[in-house]
Amino acid sequence: VQLQASGGGLVQAGGSLRLSCADSGRTFSSYAKAWFRQAPGKERELVAAITWSGGRTYYADSVKGRFTISRDNAKNTMYLQMNGLKPEDTAVYYCAARSDFQSILVGATDYWGQGTLVTVSS
């Protein structure tokens, strides 16, 4: 397994969770990374993305101001801090990596991790 997501769980609306995505190291420190999510009956959507250096980020409008993406290349780990969670944030969250940032913004990925389930109760 090259990307391993964790940190999902059940939380009440308004609560917080932090997702982590650990990678195998190797070349991932030079890759752009992202979090996607897929809710039941819906298509997978891009939630947030970050360049290899962490110098640039992207957020979907639905999570702006509530979620924060970050990475620690020394620990081979990417994070998604989720605050102010809403029931509509309920989904399986996936981490992904791509060699360039621009293409990951349109959903192109080279590597996927397994998902971690986030459930937000009202």
Side-chain angles (χ1 to χ4, degrees):
V1 177
Q2 294 181 319
L3 296 173
Q4 183 83 27
S6 62
L10 173 64
V11 64
Q12 288 188 331
S16 298
L17 281 175
R18 188 175 82 155
L19 306 183
S20 298
C21 176
D23 65 59
S24 60
R26 298 205 306 179
T27 61
F28 286 113
S29 61
S30 65
Y31 274 56
K33 292 181 177 178
W35 289 97
F36 292 78
R37 68 185 180 187
Q38 186 165 21
K42 295 187 177 181
E43 293 186 353
R44 186 156 51 193
E45 63 172 343
L46 175 63
V47 175
I50 190 167
T51 55
W52 70 270
S53 67
R56 183 179 171 188
T57 57
Y58 164 86
Y59 295 95
D61 288 343
S62 58
V63 305
K64 277 181 183 176
R66 299 188 298 122
F67 291 10
T68 303
I69 190 171
S70 62
R71 64 190 294 168
D72 185 339
N73 288 337
K75 296 182 178 179
N76 301 325
T77 304
M78 173 178 65
Y79 304 97
L80 186 68
Q81 178 66 44
M82 304 186 295
N83 298 328
L85 283 161
K86 304 176 181 179
E88 52 263 43
D89 294 318
T90 295
V92 177
Y93 285 70
Y94 300 88
C95 56
R98 174 75 174 178
S99 55
D100 69 285
F101 182 69
Q102 289 301 322
S103 60
I104 208 170
L105 297 183
V106 295
T109 61
D110 295 319
Y111 299 94
W112 285 102
Q114 94 296 347
T116 185
L117 177 62
V118 172
T119 303
V120 184
S121 63
S122 57

Practice problem: For residues F28 and K33, determine if any side-chain heavy atom of one lies less than 4.5 Å from a side-chain heavy atom of the other. | Solution: yes

Quiz item: Is there a side-chain contact between M82 and R66 (heavy atoms, below 4.5 Å)?
Solution: no

Quiz item: Quick one: do W52 and W112 end up in the same hydrophobic cluster if we chain Ile, Leu, Val, Met, Phe, Trp and Tyr together by side-chain heavy atoms under 4.5 Å apart?
Solution: no

Quiz item: Are F101 and L80 co-members of a hydrophobic cluster defined by side-chain heavy atoms under 4.5 Å apart?
Solution: no

Exercise. List the atom of S121, the atom of L10, and the distance in Å for their closest heavy-atom pair.
Key: CB-CD1, 4.4 Å

Self-check item: Non-hydrogen atoms of V47 and V63 that approach each other most closely
Solution: O-CG2, 3.6 Å

Self-check item: Cation-aromatic face contact R44/Y94, 6.0 Å, 45 degrees
Solution: yes

Quiz item: So do R37 and S62 actually touch side chain to side chain, heavy atoms under 4.5 Å?
Solution: yes

Quiz item: Taking the side chain as C-beta and beyond, is there a heavy-atom pair between D23 and Y111 under 4.5 Å?
Solution: no

Self-check item: Any donor-acceptor pair under 3.5 Å from T77 side chain to A22 backbone
Solution: no

Practice problem: To the nearest 0.5 Å, tell me how far Q81 CD sits from I69 CD1. | Solution: 12.5 Å

Quiz prompt | Check: N73 side chain, S53 main-chain N or O, donor-acceptor pair, under 3.5 Å | solution = no

Quiz item: Does one hydrophobic cluster hold both F36 and V92, with members joined at side-chain heavy-atom distances below 4.5 Å?
Solution: yes

Quiz prompt | Residue pair C95 / M78, side-chain heavy-atom distance below 4.5 Å | solution = yes

Self-check item: Closest approach of L46 to A49 (non-hydrogen atoms, all atoms of both residues)
Solution: CD1-CB, 4.5 Å

Practice problem: May I ask you to test the Y58-I104 pair for a side-chain heavy-atom distance under 4.5 Å? | Solution: no

Quiz prompt | Pairwise side-chain contact, L85 with F67, heavy-atom cut-off 4.5 Å (strictly under) | solution = yes

Self-check item: R71 side-chain N/O to T51 backbone N/O, donor-acceptor pair under 3.5 Å
Solution: yes

Quiz prompt | Distance, nearest 0.5 Å, that separates CG of N76 from SG of C21 | solution = 10.5 Å

Self-check item: Salt bridge flag under 4.0 Å for residues K86 and D89
Solution: no

Quiz prompt | Where W35 and S20 come nearest, the two heavy atoms and their spacing | solution = CH2-O, 3.5 Å

Practice problem: Look at the side chain of Q114 and the backbone N and O of A5, then say whether any donor-acceptor pair between them is shorter than 3.5 Å. | Solution: yes

Quiz item: Are any non-hydrogen side-chain atoms of Y79 and D72 less than 4.5 angstrom apart?
Solution: yes

